[in-house]
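Nothing here was measured: the structure is a model prediction, and the numbers come from that model. Just the heavy atoms: all of them, side chains too, but no hydrogens, waters or symmetry mates, feed the values below. Order of appearance sets the numbers: ligands from 1, and atoms from 1 within every ligand.
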Amino acid sequence: MSEQAPRSPRSAAAGPGAVLSTVRRVGQMGFSRGLTVLAHVNQVDGFDCPGCAWPEALPRHRLEFCENGAKAIAHEATRKRVTRELFARHSIAELDAHDDQWLEAQGRLTEPMWLPPGAERYEPIGWDAAFERIAAHLRALGSPDEAIFYTSGRTSNEAAFLWQLFARAFGTNNLPDCSNMCHESSGTGLSETIGEGKGTVGLADFELCDLILVLGQNPGSNHPRMLTVLQAAKRRGCAIASVNPLRERGLVAFANPQEALGLLGVGTPLADLFVQLRVGGDVALLQGVAKHLLELEAAAPGRVLDRAFIDAHTQGFEAWRAAVERRSFDELERASGIARSSMCELAELYARSERVIACWAMGLTQHAHGVANVQEVVNLLLLRGNIGRPGAGPCPVRGHSNVQGDRTMGIWERPPADFLDRLDAEFAFAAPRAHGHDTVSAIHALHDGRAQVFVALGGNFARATPDTELTQRALRRAALTVQISTTLNRSHLVHGREALILPTLGRTERDVRGGVAQFVTVEDSMRCVHRSTGRLEPATPELRSEPAIVCGLARATLGAAHPFAWESFASDYDQVREHIARVVPGCEDMNRRVREAGGFVLPSAAGARAFRTGSGRAHFTVQEIPAHALPPGQLWLMTIRSHDQYNTTVYSQDDRYRGIAGDRRVVFLNREDIAVQGLAEGERVELSSHWRGETRTLAGFRVHAYDLPRGCAAAYFPEANPLVPVDAFAAGSRTPAYKSLPVSLRRG
Ligand SMILES: Nc1nc2c(c(=O)[nH]1)N[C@H]1C(S)=C(S)[C@@H](COP(=O)(O)OP(=O)(O)OC[C@H]3O[C@@H](n4cnc5c(=O)[nH]c(N)nc54)[C@H](O)[C@@H]3O)O[C@H]1N2
Ligand SMILES: Nc1nc2c(c(=O)[nH]1)N[C@H]1C(S)=C(S)[C@@H](COP(=O)(O)OP(=O)(O)OC[C@H]3O[C@@H](n4cnc5c(=O)[nH]c(N)nc54)[C@H](O)[C@@H]3O)O[C@H]1N2
Ligand SMILES: [Mo]
């Protein structure tokens, strides 16, 4: 099943298509305005691209053609506006009849809107009155734990720090976030094995490695700037292997739009090896690779494994070895869908490579065995000491541009005790210790009436979450739902008995508080904390920044006499950073260091081989082979992103790299499975998911033949989310199993 890359790919990712698409996006913002904004993206004195969390190198590129970054920016910098007239013209039911693409295409929200209890339409409300409504609800709760404070990962460090401080001052750790649905399996898997929940590598390591593994990730669409780094690595002889049920276009070939030939569409193949495994087959594949490494070591003792590293820095090796040796290749082949010969090929490539980086994203984390996937990657890295030395290490590639920073700032329903101790000391209060709700348990709490108020700092909870029907019922049971947002989405229309929309500034916009231009900070996927300074005139003068909204809410709820300096925090973010510097290890002297070009990098102890696991050692872990057999007729469905969406924000119905135009209600199937199921390409089918005796069904998916392994299927997120059972989540991290749903198909 693994194949060599074609030598001269016919059509490469990026290239002229990306440039054209970028130019179109610039037009959407107004040409000169669009160019101004693109000239400042990811610049030292500019704003951080809201697209993804892939880091920027120093010195920065001027005018980078990242097609999907441009889409995210244009979406925020659009000239379209959602006005009070739109809400007056359309009842909520009418708005709710529109699809996600239409909602987002209405443009930027412009003023606070209020839905009184029982009303059918949102009406304008002043900021202070809005804060008072929310405060009244919060104060009326029987317990602070009946409130939920959700966060999405675009929120700046400053807003996130204030948000968690407010929630904890109010009295709860109910801080679920998008990370619960995203890289939580990485955080959990890494913390348990290497003692910290982040990657250890930096961009410089990509200049030194001999092999980059890209597991369960589609960088061509979701981290396009990563392709430039892969291309540079490839050019100096580094090998790249993709482990993915799909041969994603960006990894097949990349035409770098920053280069003349790339602009003409001439692409370079990126991945040397495609391991097209079954959905959910990673643990078995990686154990097969490891098993062969043990064989190679037996044949040439001392030549393959890094025994010195294993002895000095790890524990659990012998138990792990015994477990892997007990596995048969037959079993591993069946579970992974990959032939033993291909496992050996990957093992030999790995053994030949002095320095290895393993990158991964949602293809590993969003499974019932998401944590096991991550820990099996760690096992593989530990075998040859591929951690804590230059050019090697784990690299979970984060999604939202500040999702990693939000966690660093304390957005966590299970905060570590030492973080709370430092917070208590800094602010002279007692933060609650009981763990709060994560995303899944927040849905249950709302559904069961144990939570009454839901406030979201960004995101689209009604669409991003699993089990759409149940989640939406849960939101409708709340006494109050509040969305702090930039654009209109489903979560404004799936509301509690009373609801509020609080419109906020985006990354691209100037943020002047107390007469002084403010900046915020973010942390990228490689632990670099840097400034983000908006440049555009705000969409309307009514908008408030996220920090200002959080402070307004805190002041209204906790009362004017509350001892924290909410008012000054809202007008001077340096003051917030002063506190962060004292609470968050690694952020010392933040105000000075973040003003330096490119910011500063948070330390990684594991990156220096100091493993904070209790034992001081990195842990080998024994993973079970996840169950993979299905009843006849069922397939494993993964839900994936198209090239033309940002999570729940759908830009168009096309998916250029996968040959889809004008339709997102598509199910990708292997040609032979289409035949075996008695179906024909192009016909519409009903998809049913099966889980613990429950069935969830969605109709109207068009069958599309695609190059993916037998027994597997793919559909788009968020259209397929109603099929995902709320309690089908990863052991340990509780990340929804968005990428391994047993489904059946029926004509109709
Ligand atoms: N333009 C754009 N950029 C984005 C986003 C966006 O929606 N649009 N979203 C952002 C966010 S929040 C995130 S988290 C990232 C997401 O970035 P990705 O993780 O790249 O996105 P996905 O499309 O969810 O799926 C990843 C890949 O996993 C593969 N996969 C599925 N199941 C398995 C499996 O069992 N094993 C293996 N090995 N692979 C599997 C799929 O084929 C797919 O290629 O991107 C971020 N960047
Ligand atoms: N089936 C399935 N479900 C999934 C996934 C999957 O792969 N498959 N992926 C999961 C993943 S990885 C993630 S991260 C989640 C994403 O979950 P969320 O983060 O909750 O969802 P988004 O779609 O990113 O949120 C989009 C909304 O954020 C608001 N917004 C944009 N920018 C800003 C800003 O600067 N400030 C504020 N306050 N609001 C802003 C806009 O109003 C926009 O409508 O979805 C998860 N759901
Ligand atoms: Mo994500």
Side-chain angles (χ1 to χ4, degrees), residues 50-54 66-69 71-72 75-76 100 103-104 108-109 150-156 159 177-183 214-224 242-246 248 251 275-282 285 360-367 369 373 397-403 439 456-466 483-492 502-508 546 549 636 638-649 651 708 712 714-721 723-724 735-736 738-741:
C52 72
W54 186 260
C66 172
E67 178 193 1
N68 281 354
K71 286 176 194 165
H75 188 68
E76 185 177 297
D100 296 318
L103 294 177
E104 291 275 358
R108 292 289 300 279
L109 296 159
Y150 175 72
T151 318
S152 169
R154 279 199 192 168
T155 293
S156 65
D177 70 342
C178 68
S179 189
N180 295 149
M181 299 182 266
C182 184
H183 266 293
V214 182
L215 303 114
Q217 194 198 347
N218 176 20
S221 290
N222 300 318
H223 304 93
S242 167
V243 175
N244 196 313
L246 308 181
E248 298 285 24
L251 293 168
V275 183
Q276 259 183 293
L277 83 181
R278 278 194 30 242
V279 167
D282 300 83
L285 169 83
W360 71 87
M362 299 302 99
L364 291 198
T365 62
Q366 296 175 332
H367 294 276
H369 56 278
N373 277 340
V397 183
R398 306 279 162 174
H400 265 303
S401 49
N402 197 40
V403 63
T439 295
L457 185 54
N460 187 0
F461 195 83
R463 284 304 264 152
T465 44
Q483 305 289 334
I484 303 166
S485 317
T486 50
T487 51
L488 187 64
N489 66 41
R490 191 71 52 195
S491 299
H492 305 122
L502 304 180
T504 189
L505 289 177
R507 286 277 171 80
T508 52
E546 289 185 345
I549 294 173
W636 287 105
M638 54 178 176
T639 58
I640 54 175
R641 293 161 167 76
S642 77
H643 188 62
D644 235 4
Q645 72 182 86
Y646 193 93
N647 295 342
T648 67
T649 302
Y651 303 126
L708 84 179
C712 301
Y716 292 122
F717 147 54
E719 283 78 357
N721 285 39
L723 296 173
V724 186
T735 297
Y738 291 122
K739 288 192 177 27
S740 44
L741 293 175

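Counting atoms of ligand 2 from 1 in the listed order, those under 4.0 Å from a heavy atom of Ile484 are 37 (C), 38 (N), 39 (N). Each of the atoms 36 (N), 37 (C), 38 (N) of ligand 2 lies under 4.0 Å from some heavy atom of Thr504. Residue contact check: Ser485 has heavy atoms under 4.0 Å from atoms 39 (N), 42 (O) of ligand 2. Counting atoms of ligand 2 from 1 in the listed order, those under 4.0 Å from a heavy atom of Glu104 are 43 (C), 44 (O). Near Asn489, the atoms of ligand 2 lying under 4.0 angstrom from a non-hydrogen atom of the residue are 27 (C), 42 (O), 43 (C), 44 (O). Ligand-side atoms of ligand 2 in range of Glu546: 34 (C), 36 (N), 37 (C), 38 (N), range being under 4.0 angstrom from any heavy atom. Near Tyr150, meaning under 4.0 Å from one of its heavy atoms, ligand 2 places the atoms 17 (O), 18 (P), 19 (O), 20 (O). Atom numbering of ligand 2 starts at 1 in the shown order; those under 4.0 Å from a heavy atom of Gly458 are 37 (C), 38 (N), 39 (N).
Side-chain polar atoms of Glu546 and Thr504 form no donor-acceptor pair below 3.5 angstrom.
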message: Assess the residue pair Tyr738 and Ile640 against the criterion (side chain to side chain contact (heavy atoms under 4.5 Å, CB included)); give the C-alpha distance rounded to whole Å, side-chain angles, the decisive distance to 0.1 Å, and a yes or no.
response: CA-CA 9 Å; Tyr738 291 122; Ile640 54 175; over 6 Å; no
side-chain hydrogen bond (donor to acceptor under 3.5 Å, both in side chains) assessment of Ser179 paired with Arg398: CA-CA 9 Å; Ser179 189; Arg398 306 279 162 174; 4.9 Å; no
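One N or O on the side chain of Thr439 and one on the backbone of Asp177 form a donor-acceptor pair closer than 3.5 Å. A donor-acceptor pair is defined here as one N or O able to donate and one able to accept, closer than 3.5 Å; such a pair exists between the side chain of Asn402 and the backbone of Thr155. Put simply, the side chain of Asn489 gets close to the backbone of Gly459: a donor and an acceptor are under 3.5 Å apart. Not one N or O on the side chain of Glu104 forms a donor-acceptor pair closer than 3.5 Å with the backbone of Thr487. The backbone N or O of Thr465 lies less than 3.5 Å from a partner atom in the side chain of Asn721, making a donor-acceptor pair. A donor-acceptor pair is defined here as one N or O able to donate and one able to accept, closer than 3.5 Å; no such pair exists between the side chain of Thr639 and the backbone of Ala720. Judged by distance alone, the side chain of Glu76 and the main-chain N or O of Arg507 form a donor-acceptor pair under 3.5 Å.
With a 4.0 Å cut-off on non-hydrogen atoms, Thr486 touches ligand 2 through its backbone as well as its side chain. The proximity of Thr487 to ligand 2, defined as any non-hydrogen pair under 4.0 Å, involves the side chain as well as the backbone. Neither the backbone nor the side chain of Arg463 comes within contact range of ligand 2; no heavy atom lies under 4.0 Å.
At a heavy-atom cutoff of 4.0 Å, ligand 1 is surrounded by Cys52, Asn68, Cys182, Gly216, Gln217, Asn218, Ser221, Asn222, His223, Val243, Asn244, Pro245, Leu246, Glu248, Leu277, Val279, Gly280, Asp282, Ala361, Met362, Gly363, His367, Gly399, His400, Met638, Ile640, Arg641, Gln645, Tyr646, Asn647, Lys739.
Arg154 forms a cation-pi arrangement with Tyr646, by the criterion of a distance under 6.0 Å to the ring centre and an angle within 45° of the ring axis.
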